[in-house]
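Reviewing the structure listed below.
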2 protein chains.
Amino acid sequence: MVSKVEHRDRTGCPIACALDIIGDHWTLLIIRNLMFLGLHEYKEMLETEEQISSNILTLRLKMLQEAGLIASASHPESKRRKLYYLTPTGKDLIHVLVPLVLWSRRNLREHLRIPKDIDHLLESDPQAFLQETLQRLIDWERINLKTSQ
Amino acid sequence: MVSKVEHRDRTGCPIACALDIIGDHWTLLIIRNLMFLGLHEYKEMLETEEQISSNILTLRLKMLQEAGLIASASHPESKRRKLYYLTPTGKDLIHVLVPLVLWSRRNLREHLRIPKDIDHLLESDPQAFLQETLQRLIDWERINLKTSQ
DNA sequence: CTAATTTACTTCTATAATAGAAGTATTATT
DNA sequence: AATAATACTTCTATTATAGAAGTAAATTAG
């Protein structure tokens, strides 16, 4: 939740407290960009199909950093660019997002357009999809986060 | 998403399409009420710690019925009361919500107050927790949905 | 049988959040 | 030196939410 009075002020429910962070229309899409789509820059996230507003994107990136789900580093090739990436807490959401994707596949079939190869892997071996995704994140970090914090 | 322009109009992403239904501050709390807390009536949901407004609760219950995640039936003991319950699509979200609870346990420990017995079961055998939850839902349905739709 | 109460909403208004357009500061390219 | 790219920031109009109050039908109490 992004409002002033958050659920965690009123309840210790693990679902309510998670919703204080990821319970809005945009936050999980940013996590998706970082986790599955390989989008690590502000500009790239502005240009996704869902068309997030620039002010909202800025707010959410700031909130996610304060919540400890993402972090940022300067781009190795340019000072004016910035790289966002998932922290261990953010990456740990893969255990929620892969099941969410599988739920959508089972229940919202008619609305979805999933690339064929990914769709087949989700069907035949979702755990392999999860592991491949995690490995891709590790590889990306090794290449892009050599220097600095 | 609850706004006019929904993600599914712009994208076929399984995460974005799921967020059109469950991506707001209240919807997953209603699912939680039905799935884990045994709350099946409007009044009970109004009285939870999170203090949802009555107009928002009405809107979300209507939306969730239209989306096919919940359904309603008249109370066996009273015509003025109404029972809400999860459809198979709604119950299928258990495969997302249990991982979400486990993510919160791992990453938001300090904010949580989970009953001890449940917390132990989540730690030792989350799959058993999931199965017990599903069984409780089936038992509730057998008792409360004998008649009518 | 009547009056009070309960339940599930509905309506209204003030406040907060979001969308969209436009601008700014810093860095890089031509 | 001028132009462009990147990551924001600011502003305003629209939309959503919170909170208070009201309504209609069903039930209970006296």
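Because only heavy atoms are used, hydrogens play no part in the values below, and waters and symmetry mates are left out as well, while side chains stay in. Each chain gets a letter, A, B and so on, in the order its sequence line appears, and its residues count up from 1.
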Is the shortest side-chain N/O distance from B/K62 to OP1 or OP2 of C/dT10 below 4.0 Å?
-> yes

Starting at the 5' end of DNA chain C, which residue's closest nucleotide do you reach first, A/R80 or A/I56?
-> A/I56

Roughly how many Å is it from NZ in B/K82 to C1' in D/dT27, rounded to a whole number?
-> 18 Å

Closer to the 5' end of DNA chain D via nearest nucleotide, is it A/L83 or A/N55?
-> A/L83

Can you find a donor-acceptor N/O pair under 3.5 angstrom joining the side chain of B/S54 to the base of C/dT10?
-> yes

Between A/D119 and A/K116, is there a salt bridge with N-O shorter than 4.0 Å?
-> no

Quick one: B/L59 CG to D/dT17 P, roughly how many Å, whole number?
-> 8 Å

Rounded off to whole Å, could you give me the OH-to-P distance for the A/Y84 and D/dT6 pair?
-> 14 Å

Roughly how many Å is it from CD1 in A/I70 to P in D/dA7, rounded to a whole number?
-> 13 Å

Take the protein atom NE2 of A/H40 and the nucleotide atom P of D/dT6, then report the distance between them rounded to whole Å.
-> 16 Å

For A/L46 and C/dT18, give me the distance from atom CG to atom C1', rounded to whole Å.
-> 15 Å

Are the charged groups of B/D139 and B/R136 less than 4.0 angstrom apart, N to O?
-> no

Nearest-nucleotide pick for B/R60, side chain only, options being D/dT17, D/dA4, C/dG20 | D/dT17

Whole angstrom is fine here: how far is it from CD in B/E47 over to C1' in C/dA8?
-> 13 Å

Measure from the side-chain heavy atoms of A/S53 and tell me the nearest of D/dT6, C/dG20, D/dC8.
-> C/dG20

Kindly indicate, with the supporting measurements, whether the criterion side-chain contact (heavy atoms from CB on, under 4.5 Å) is fulfilled by A/V98 and A/F36.
-> CA-CA 10 Å; A/V98 169; A/F36 301 112; 4.2 Å; yes

Please name the residue in the list A/I31, A/I30, A/L69 that meets the side chain to side chain contact (heavy atoms under 4.5 Å, CB included) test with A/L86.
-> A/I31

Could you check whether A/S78 gets within reach of a base, just the sugar-phosphate, or nothing at all, counting any heavy atom under 4.0 Å?
-> sugar-phosphate

Looking at A/W26, does any N or O in its side chain come under 4.0 Å of the phosphate oxygens OP1/OP2 on C/dA19?
-> yes

Is there a donor-acceptor contact under 3.5 Å from the side chain of A/H75 to the main chain of A/K82?
-> no

For atom NZ of B/K43 and atom C1' of D/dA26, their distance in whole Å = 15 Å

